[in-house]
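Labels below follow one simple rule: chain letters A, B, ... track the order of the sequence lines, proteins then strands, and each chain is numbered from 1.
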Amino acid sequence: MAAGPYSEKVMEHFMNPRNVGEIENADGVGEVGNPACGDMMRLYVKVEAGKVSDAKFRTFGCGAAIASSSMLTEMIKGKTIDEARAITNTQVSDALGGLPEVKIHCSVMAEEAVKAALDDYSKKHPG
Amino acid sequence: MAAGPYSEKVMEHFMNPRNVGEIENADGVGEVGNPACGDMMRLYVKVEAGKVSDAKFRTFGCGAAIASSSMLTEMIKGKTIDEARAITNTQVSDALGGLPEVKIHCSVMAEEAVKAALDDYSKKHPG
Amino acid sequence: MAHIFFDHISTTPVDPRVIEAMLPYFGEKYGNPASHIHDLGQTALRSLDAARGSVARMVGAQPGEIVFTSGATEANNLAIKGAAAGSKDRRHIIVSEVEHFSVLNALLPLRASGFETTVLHVDHDGRVDPDDVRKAIRPDTLLVSVMHANAEIGTIQPVSEIGRIARERGVLFHTDATASAGHIPVDVEAIGADLLTLSAHNFYGPKGIGAIYVRKGTRLESMLDGGFQEGGYRAGTENVPGIVGMAAAAEIAMAESVGWADRLAPLGRQLWDGLEASIPLLHFTGHPKERLPGHVSFWVEHAEGESLLLLLNMQGVMAASGSACSSNLRGHDEEDLVASTVLKAIGVPSDICTGSVTFSMGKDNTGADVAHVLSVLPAIVSRLREMSPTWLDYQKQQGG
Amino acid sequence: MAHIFFDHISTTPVDPRVIEAMLPYFGEKYGNPASHIHDLGQTALRSLDAARGSVARMVGAQPGEIVFTSGATEANNLAIKGAAAGSKDRRHIIVSEVEHFSVLNALLPLRASGFETTVLHVDHDGRVDPDDVRKAIRPDTLLVSVMHANAEIGTIQPVSEIGRIARERGVLFHTDATASAGHIPVDVEAIGADLLTLSAHNFYGPKGIGAIYVRKGTRLESMLDGGFQEGGYRAGTENVPGIVGMAAAAEIAMAESVGWADRLAPLGRQLWDGLEASIPLLHFTGHPKERLPGHVSFWVEHAEGESLLLLLNMQGVMAASGSACSSNLRGHDEEDLVASTVLKAIGVPSDICTGSVTFSMGKDNTGADVAHVLSVLPAIVSRLREMSPTWLDYQKQQGG
Ligand SMILES: Cc1ncc(COP(=O)(O)O)c(C=O)c1O
Ligand SMILES: Cc1ncc(COP(=O)(O)O)c(C=O)c1O
């Protein structure tokens, strides 16, 4: 494979992102970031029986942002809401084999997107 | 020949200086320069019938100083006293195919040596 | 896989003839010109003199007016700081806002020590209005520095007009010809430059060597103090192989660069037209006509620049971006990701300017390279847009 | 004709293995490390990282503490001026009188801007007394700069002692290891250096590249402002082939330099003894023991230095002189002929010090080279003396 600035894992997720798209009538949608800052992520989750049964994303952003989004969706699928909420940016970046220092914020964006999507879910499904 | 910092003519005179030595009972001796300044020249002349019949030198100094000394002795031999006095440093340096700017003073030293030697001659042979 | 280098503005491959010219100066003719008392030193010194002549000829200067430096950054720093240090009373400097960081940042210590600076705006095409230069000149103006051509957007500045104005007003004129020299004609008399920056690796010479033209009589203080080299403007043992290489590159450029430009200009036009026809919401940057031959720059909406470059690279196409995200992946924190000041200067909206791309062709690129790029880029843009939430919203909006 | 290079102190031939390591970085791996988003740039960046590791290892540093420069002159200027610019209150600098001009002259603009300097004397062997350093340190002392080894007279300074004193007193210590690195062990911890200068062309690497070691945490302002390279200490596109070459030279030196020194030290001794035995009125300069291996320097009475070198060169022997007359044949007037400050410092009488010679051997010199030099030099000295009026007078005087 070509020598990119990223780890092989990042490049693999960037080239073949998992779960791109949107979920019709998603149970929760979270949007974080801002194109002005170079990246923006919209995360859709489906929740069944207290677990994240499906997740899809659309991201505008750099290689790290897209790979972080892809990795995140893989990580939260099948997790309980609490487990998904507990995912940290470090876990995302570790799962990707590390990110350049200046790109840590991309994994932070992924972490924030889950929280935003689950907040949205909680708001729509109170109690 | 090796590529020296000097013209071929300078190197030729430096390698094969003409008229090195001293004239016993010289009619005039001129000494100019100072080893502290890097060069010193002693010029001996023999004068016959108002002409410089012989000239020899000893010089402590760089390549340009030795070549200038050598060239000078060649130039004054056979000249009248007035002709020899009229020789300029530029004539010496031109005859050598030119000298580096910082070495012009070596040809000046040669010019001054003739004048000093002829002054000495005049002093010893008044009238 | 394809291997298409469209990033000549960042650097160029060293021409094989240049390599051949340099090679003997490493292991055989390795003398130090300062040791010119012996054969090896003398050989080095003579090569240095000859090389200075070639580089001087390239820009219409006298050999004694060429000072070799370690590259364009040093030359720009020397031009600005050296002129400032050599100035008695004049403490005002004028630059354009699209100068390279090695000009803009060289001003920082000067400002701290009391210099005043005027940073001229550029128009939508990235050009300085010579009239703005005229208006900005004050009685205490020392120097005007406006680059010849911009690397990122390709725009060529009206340097001759600016040079004329500076001359009329008795102000020094420096122009950074890093991106232009070797590609389009650069002549210090035509430009009216007192100081002019050159960089070898930008015209098929080696990295680590550049030069500054210093018009005879220009007051310039050295930045590197030490030995007697470079007429007192720049101490340090000369990079003889680099200098010989720069001279060889200059000779090649003098002989061939008109031909390169004649070939690259239509290739650039072809790329431009092809992009325009195949990618919607694509915006070209820089001046449409007054630009470097073979240089095509643009930004696209709804696709981020680094991602574009990564995907292009996967297709064997190497290019550059002024996007923040790709600017400095080696920095220590997010603040090191600085969006291009040039794109901001020409009014690209900051919320979407991240999708910028600079394609810069070189003498060895072909029509097939252009065709390949045109065959892969539309799909790359579409792919990224399909992934982008902003594109989705845009389409919904368009759909009504 | 013989071809004997005894002027390694001025520069060295690039080792063939170094040339081989560099070559691919001109025409193939020509990427700019700043363009690390694509393959060619990424390759360049990785090579840069690896090279930094090699150079760091050579002096016992961390890779992040190595800043590549265009050479020793830039490194010395950066050490002195960069530390000065980074200093808040401390405005006193201590150097030795035998430092290279790139240290001594770097002080000139600082003095003009209010810095005070102490220039330490050296003893007859050219050594600084560490106690003098201790005494010279004041509460406002910022930096001590004492070179590791002197090029002209070969003397090695007691840098570890000086480094220890500087550390104790909380003062920065810079040492210029241009002449020593790659030839004798140089370790930043053993020396206690905060800043250390390196030059590739002095240890079989290419010209135009050097480095400065900057101990982590040392305050140093950049001199070349611009892009993001070299951790902010030094802007400008990296000289990738040069850096790769310097690293290759460092690797070779790490593996082989102990062997070189073991061979050169006795060759140097042989030359020393031979000269002593065959040439009257010859005076060695520098420390007899604490000196660079294969380095023999001296002056002779009644024979001028440039003439000695010219005649040696005619016999195929290339050497250097600290003599005024050979110092700068390219200058514009006599004032550019500056006699060695080093010879003055060690008390060589100024009226006869013009006959100085520095023989500096390198890894490829042999015993046969020494024998050749010993076979030609006595006759050369005699020949010049025979021509000299001072020798005539001296002999008359001796004769009674
Ligand atoms: C001790 C020392 N430092 C610095 C330098 C300057 O090196 P460069 O001219 O390669 O920049 C020299 C050059 O001879 C030197 O001997
Ligand atoms: C216009 C211009 N000037 C100066 C520079 C600095 O050149 P270097 O990094 O080779 O010193 C660049 C580099 O891209 C440039 O584009």
(request) Below 4.5 Å from any heavy atom of chain B, which atoms of Arg383(D) appear? Answer side chain, backbone, both or neither. (result) side chain

(request) Select one option (side chain, backbone, both, neither) describing which atoms of Leu308(D) are under 4.5 Å from chain B's heavy atoms. (result) neither

(message) Could you report the tightest heavy-atom contact between Ala64(B) and Tyr6(B), atom names first, then the distance?
(response)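 Heavy atoms only, the tightest pair is N-OH, 3.6 Å.
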
(message) Can you list everything that forms a salt bridge (Lys or Arg N to Asp or Glu O under 4.0 Å) with Lys56(B)? Sequence neighbours excluded, please.
(response) none

(request) Name the region of Ala65(B), side chain, backbone, both or neither, that has any atom closer than 4.5 Å to a heavy atom of chain D. (result)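 No part of Ala65(B) comes within 4.5 Å of chain D.
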
(request) Let me know if Ile66(B) has heavy atoms under 4.5 Å from chain D in its side chain, its backbone, both or neither. (result) side chain

(message) Does this structure show an ion pair linking Glu306(D) with Lys103(B), if we count only N-O contacts that are shorter than 4.0 Å?
(response) yes

(request) In plain terms, say whether Arg85(B) and Asp119(B) are close enough for a salt bridge, that is, a side-chain N and a carboxylate O under 4.0 Å apart. (result) yes

